Amino acid sequence: MRMITTDASLIWHHENPILEKFKEILLVVCLEGRPVSDQYECFVSPYERRCLGMDKYGIESYRYRALESVAGKLNDWLNYGEDVLFLTDGSPESLYPYHVIKDRNEFNKLHLCTVSPWRFESDRRKRAHKELLSDLSQLKSIVYINSDDYLDKLDGQIHIKYTNGSQ
């Protein structure tokens with residue numbers, strides 16, 4: 001089995017202590033163009049920052065295009081006949097490895113664990129996330145958590161008491 005996350009992931013970030021027990025099978029795809037960890041195997045995308053402005057999300061972004069340019073090499077890092085679990089979240093960038101591998105994959109069983117963007121996220125982030133998930137035909141399994149539904153359910157179960165710190 002192989003697990004894949006990115007340096008852009010918020011939930012499955014390489015510094016998440018839960019991932020330590022999976023260090024032998026975890027691959028961190030480094031979308032920023034530099035390795036981010038000595039603890040995990042890193043696949044470094046050839047991305048180079050091009051401007052100070054905002055990058056697009058989805059397949060039009062510079063980060064996506066850089067990863068797409070080396071997608072064959074990323075696919076070669078996966079062993080033949082392996083189960084590959086992509087750990088993603090509401091960040092569209094966290095879906096980039098899945099999206100570039102899904103059509104190149106011939107021999108592996110692909111699985112996806114993802115979370116929807118939060119309701120307060122920008123529309124362009126939500127659209128990009130939805131676009132990247134538009135073709136799930138290559139997946140053997142998917143775990144999809146609607147973050148807003150999850151929070152709505154928790155809201156009625158959890159009572160948080162806020163204090164000003166003087167008590």
Side-chain angles (χ1 to χ4, degrees), residues 1-32 36-37 40-45 47 55-61 63-154:
M1 167 163 254
R2 177 69 106 167
M3 297 169 69
I4 298 177
T5 190
T6 69
D7 56 351
S9 185
L10 301 173
I11 296 172
W12 299 111
H13 192 267
H14 64 276
E15 293 179 346
N16 183 332
I18 293 171
L19 295 176
E20 288 178 17
K21 61 181 152 189
F22 302 108
K23 66 182 170 188
E24 298 299 320
I25 60 172
L26 184 69
L27 174 65
V28 179
V29 176
C30 303
L31 299 174
E32 286 295 320
V36 294
S37 175
Y40 302 109
E41 184 177 8
C42 291
F43 179 87
V44 180
S45 168
Y47 171 76
D55 194 3
K56 297 175 183 175
Y57 293 111
I59 60 173
E60 297 299 319
S61 78
R63 284 179 189 85
Y64 180 87
R65 286 192 243 161
L67 185 60
E68 174 73 28
S69 74
V70 292
K73 291 179 184 176
L74 176 58
N75 193 42
D76 291 345
W77 279 42
L78 306 175
N79 293 327
Y80 176 82
E82 202 165 42
D83 281 292
V84 180
L85 173 61
F86 294 90
L87 299 172
T88 73
D89 55 32
S91 164
E93 297 93 337
S94 69
L95 287 164
Y96 291 175
Y98 159 71
H99 201 266
V100 301
I101 291 294
K102 70 178 177 63
D103 291 330
R104 288 171 174 78
N105 178 62
E106 292 183 50
F107 306 110
N108 296 310
K109 294 175 236 116
L110 305 182
H111 308 272
L112 179 66
C113 177
T114 192
V115 177
S116 70
W118 303 104
R119 67 173 57 109
F120 53 80
E121 297 273 5
S122 73
D123 287 341
R124 72 186 191 107
R125 284 177 63 90
K126 290 178 190 175
R127 266 192 314 275
H129 195 271
K130 187 176 181 178
E131 174 187 313
L132 291 165
L133 289 177
S134 64
D135 178 9
L136 303 174
S137 63
Q138 297 295 320
L139 292 174
K140 292 294 181 190
S141 67
I142 182 171
V143 174
Y144 181 85
I145 299 168
N146 184 314
S147 58
D148 295 326
D149 288 349
Y150 183 73
L151 287 179
D152 289 345
K153 287 178 188 175
L154 283 180

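Everything numeric in this text was worked out from a predicted model, so none of it was measured. Residue indices begin at 1 and follow the sequence shown.
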Check [X] against [Y] and note the closest heavy-atom contact, atom names and distance.
X      : Y      : result
Asp7   : Glu32  : OD2-N, 3.3 Å
Ile4   : Leu26  : N-CD1, 4.4 Å
Ser116 : His129 : CA-CE1, 4.2 Å
Lys109 : Gly81  : NZ-O, 4.0 Å
Leu27  : Cys42  : CD1-C, 4.0 Å

List in chain and number order the residues that pass side chain to side chain donor-acceptor pair (under 3.5 Å) with [X], two or more places apart in sequence or in another chain; answer none if no residue qualifies.
X      : answer
Ser45  : none
Thr6   : none
Ser141 : His111
Ser69  : none

Do the side chains of Asn108 and Ile101 get nearer than 4.5 Å, heavy atoms only? no

How long is the span from the [atom1] atom in [X] to the [atom2] atom in [Y], to the nearest 0.5 Å?
X      : Y      : atom1 : atom2 : answer
Trp118 : Leu10  : CH2   : CG    : 10.0 Å
Leu112 : Leu139 : CG    : CG    : 5.5 Å
Cys30  : Arg63  : SG    : CZ    : 12.5 Å
Lys130 : Leu95  : NZ    : CG    : 14.0 Å
Leu67  : Leu31  : CG    : CG    : 6.0 Å
Leu78  : Asp83  : CG    : CG    : 11.5 Å

Set of salt bridge (charged side-chain N to carboxylate O under 4.0 Å, His left out) partners for [X], sequence neighbours left out:
X      : value
Lys126 : none
Glu131 : none
Glu121 : Arg125
Arg119 : Asp148, Asp152

Do Ser94 and Ser9 have a side chain donor and acceptor closer than 3.5 Å? no

Ring pair (Phe, Tyr, Trp, His ring centres under 6.0 Å): pairs with one or both residues in residues 72-98, sequence neighbours excluded: Phe43-Trp77, Tyr64-Tyr96, Tyr80-Phe107, Phe86-Tyr98

Is a side-chain N or O of Thr5 found less than 3.5 angstrom from the main chain of His13, in a donor-acceptor match? no

Checking the side chain of Asn79 only, and the main-chain atoms of Glu82 only, is there a donor and an acceptor separated by less than 3.5 Å? no

Take Ile59 and Leu132 through the side chain to side chain contact (heavy atoms under 4.5 Å, CB included) test and state the conclusion after the steps. CA-CA 8 Å; Ile59 60 173; Leu132 291 165; 4.1 Å; yes

Identify each donor-acceptor pair in which a side-chain atom of residues 15-25 lies under 3.5 Å from a protein atom, sequence neighbours left out, and give them as a table.
residue : atom : partner : partner atom : Å
Asn16   : OD1  : Ile18   : N            : 2.9
Asn16   : ND2  : Ile11   : O            : 2.7

So the salt bridge (charged side-chain N to carboxylate O under 4.0 Å, His left out) pairs with at least one residue in residues 98-107 (sequence neighbours excluded) are Glu68-Arg104, Lys102-Asp135

With sequence neighbours left out, write down each residue that passes ring-ring contact (aromatic ring centres under 6.0 Å, His included) with Tyr40, or none if nothing qualifies. none

